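As structure tokens, the structure follows; a few thoughts come after it.
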Amino acid sequence: MKPEAFTIRSSRPEAPGKGPGAFATGALVACLALAGVAGGLPGVARAQSPTPVPRHSWSFTGPLGHFDMAAVQRGYAVYDQVCASCHGMTAVTYGDLGGMGLTEEQVGRIAHAHHVRAGTDATGKPVSRPATSDDHLLSPYASPAAAVAANHGARPPDQSRLAVVYPGGVDRMRALLLGYGQSPPPGTQVPEGSFYNPYAVNGLIAMPPLLHDGGVTYADGTSPTAAQQADDVVTFLAWVAQPHLEERHRTGVRVIAFLLVLLVLTFCLKRRIWSDVH
């Protein structure tokens, strides 16, 4: 069954470099370093593009970032109804989708709505079977060569970790999805089978525009505009690439808070130990 079939819930001088003062400095440095880790963004890779990439506000960025699971579920609907026709997620199983907040029964229904290859029959003809929770979200093509042949020589990339390896990160992914329909600069030749998109490498991309207003069905009643679909599917891809991001954020914040308390206590201890030194 397609995603729309389930509901979305949606005291003495020390040698230089030693002693409490140096320890306090080290603790501060550690705090700042960990702050960078805790505030790490999915898809932080950066790349130059023909057109500056507009920044977008995401719920999952920043040290306190978190995933909006309703958006993640809607993003899976976009992936399943649009992206899965060309892209696979070989590092993701249907069972992993339970992390979106779905029940085991819902995951089972989603899996069984898809078929996976199951070898060949006695005559050598390929056969398939309904997927289970242990099966991976594979490419729809039988082989890499078939994927290349069906897409004008460009192989659709696997999307399991796309959000963290794509140059320009999630902002550029969103801009790319919504960047079609613009006129190419004078003198730009767009080969057959390619499309002009200012956020693509060299402004050309083999993937056609796939997001259109009303192009998918959302079970929670959200209006499926192209912009909403882009926001949701990029959020889903970010979650797939880093499903433990929120846990890492929480751990980073706790460690930073601990080090800040330790820094204050160390400073107070230093003042007390050195209070009788004039």
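Predicted, not measured: the structure shown is a model, and the values here were computed from it.
- Pro130 and His115 make their closest contact through N-CD2, 3.6 Å (heavy atoms, listed as atom of the first residue, atom of the second, distance).
- Qualifying salt bridge (Lys or Arg N to Asp or Glu O under 4.0 Å) partners for Arg155, counting only residues two or more places apart in sequence or in other chains: none.
- In the model, Thr132 has no side-chain atom that pairs as donor or acceptor with a side-chain atom of Asp134 under 3.5 Å.
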Q | Verdict with reasoning, Ile110 to Leu102, per side-chain contact (heavy atoms from CB on, under 4.5 Å) | A | CA-CA 10 Å; Ile110 291 175; Leu102 306 182; 3.7 Å; yes
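- The closest side-chain heavy-atom distance from Pro157 to His87 is below 4.5 Å.
- The main-chain N or O of Leu204 is never found under 3.5 Å from a side-chain atom of Asn202 such that the two would form a donor-acceptor pair.
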Q: Let me see the working for Tyr180 and Leu211 under side-chain contact (heavy atoms from CB on, under 4.5 Å), right down to the final yes or no.
A: CA-CA 10 Å; Tyr180 293 92; Leu211 302 184; over 6 Å; no
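- Pro243 places none of its side-chain heavy atoms less than 4.5 Å from the side chain of Asp96.
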Q: Kindly determine whether Met69 and Trp239 satisfy side-chain contact (heavy atoms from CB on, under 4.5 Å), including the steps that lead there.
A: CA-CA 9 Å; Met69 284 305 167; Trp239 174 79; 3.5 Å; yes
Q: Run the numbers on Asn151 and Cys86 for side-chain contact (heavy atoms from CB on, under 4.5 Å), then give the verdict.
A: CA-CA 9 Å; Asn151 292 277; Cys86 295; 4.2 Å; yes
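- When every heavy atom of Val116 is checked against every heavy atom of Ala131, the shortest pair comes out as CG1-CB, 3.9 Å.
- Taken to the nearest 0.5 Å, the NE2 atom of His136 stands 9.0 Å off from the OG atom of Ser160.
- For the pair Thr120/Val127, no side-chain contact is recorded, criterion being any heavy-atom separation below 4.5 Å from C-beta on.
- Of all heavy-atom pairs spanning Arg161 and Ala91, the tightest one is NH2-CB, 4.3 Å.
- A donor and an acceptor atom, one from each side chain of Asp231 and Trp58, are nowhere located under 3.5 Å apart.
- No side-chain donor from either of Thr225 and Asp213 sits under 3.5 Å from a side-chain acceptor of the other.
- Side-chain atoms of Cys83 and Leu210, non-hydrogen and from C-beta on, never get closer than 4.5 Å to each other.
- Classification of the Phe236-Tyr76 ring pair by plane angle, with boundaries at 30° and 60°, yields perpendicular.
- The closest donor-acceptor contact from the side chain of Gln182 to the backbone of Pro198 lies at 3.5 Å or more, if one exists at all.
- No continuous path of hydrophobic side-chain contacts links Val234 to Leu178 [ILVMFWY only; heavy atoms under 4.5 Å].
- No chain of hydrophobic side-chain contacts below 4.5 Å, direct or via other Ile, Leu, Val, Met, Phe, Trp or Tyr residues, connects Leu138 to Met89.
- In this structure, the separation between OG1 on Thr51 and CG on Asn197 is 8.5 Å, given to the nearest 0.5 Å.
- Here the side chains of Met173 and Leu237 are in contact, with some heavy-atom distance below 4.5 Å.
- Asp135 has no carboxylate O lying under 4.0 Å from a charged side-chain N of Arg117, or vice versa, which leaves the two without a salt bridge.
- Hydrophobic clustering (side-chain heavy atoms under 4.5 Å, transitive across Ile, Leu, Val, Met, Phe, Trp, Tyr) keeps Tyr141 apart from Leu162.
- Distance CE/Met207 to CD1/Ile205: 4.0 Å, rounded to 0.5 Å.
- With rounding to the nearest 0.5 angstrom, the CD atom of Gln73 is 7.5 Å from the CD atom of Gln106.
- Val264 and Val261 sit in two unconnected hydrophobic clusters of ILVMFWY residues. Membership requires side-chain heavy atoms under 4.5 Å apart, directly or through other members.
- With Arg74 contributing its side chain and Thr217 its backbone, the two residues share no donor-acceptor pair below 3.5 Å.
- Once rounded to the nearest 0.5 Å, the distance linking CD of Gln189 with OH of Tyr196 reads 13.5 Å.
- Taking the six-membered ring wherever Trp is involved, the centroid distance between the rings of His114 and Tyr94 falls below 6.0 Å.
- With rounding to the nearest 0.5 angstrom, the CG atom of Asp80 is 8.0 Å from the CG atom of Leu137.
- Taking 4.5 Å as the limit, every side-chain heavy atom of His112 sits out of range of all side-chain heavy atoms of Arg129.
- At a threshold of 4.5 Å between non-hydrogen side-chain atoms, the residues Leu265 and Phe267 do not count as touching.
- Minimum interatomic distance between Thr235 and Phe67 (heavy atoms only, all atoms of both residues): O-CE2, 4.0 Å.
- Contact annotation: the side chain of Ser223 never approaches that of Gln228 to less than 4.5 Å [non-hydrogen atoms, C-beta and beyond].
- Distance alone, capped at 3.5 Å, places no donor-acceptor pair between the Thr188 side chain and the Pro184 backbone.
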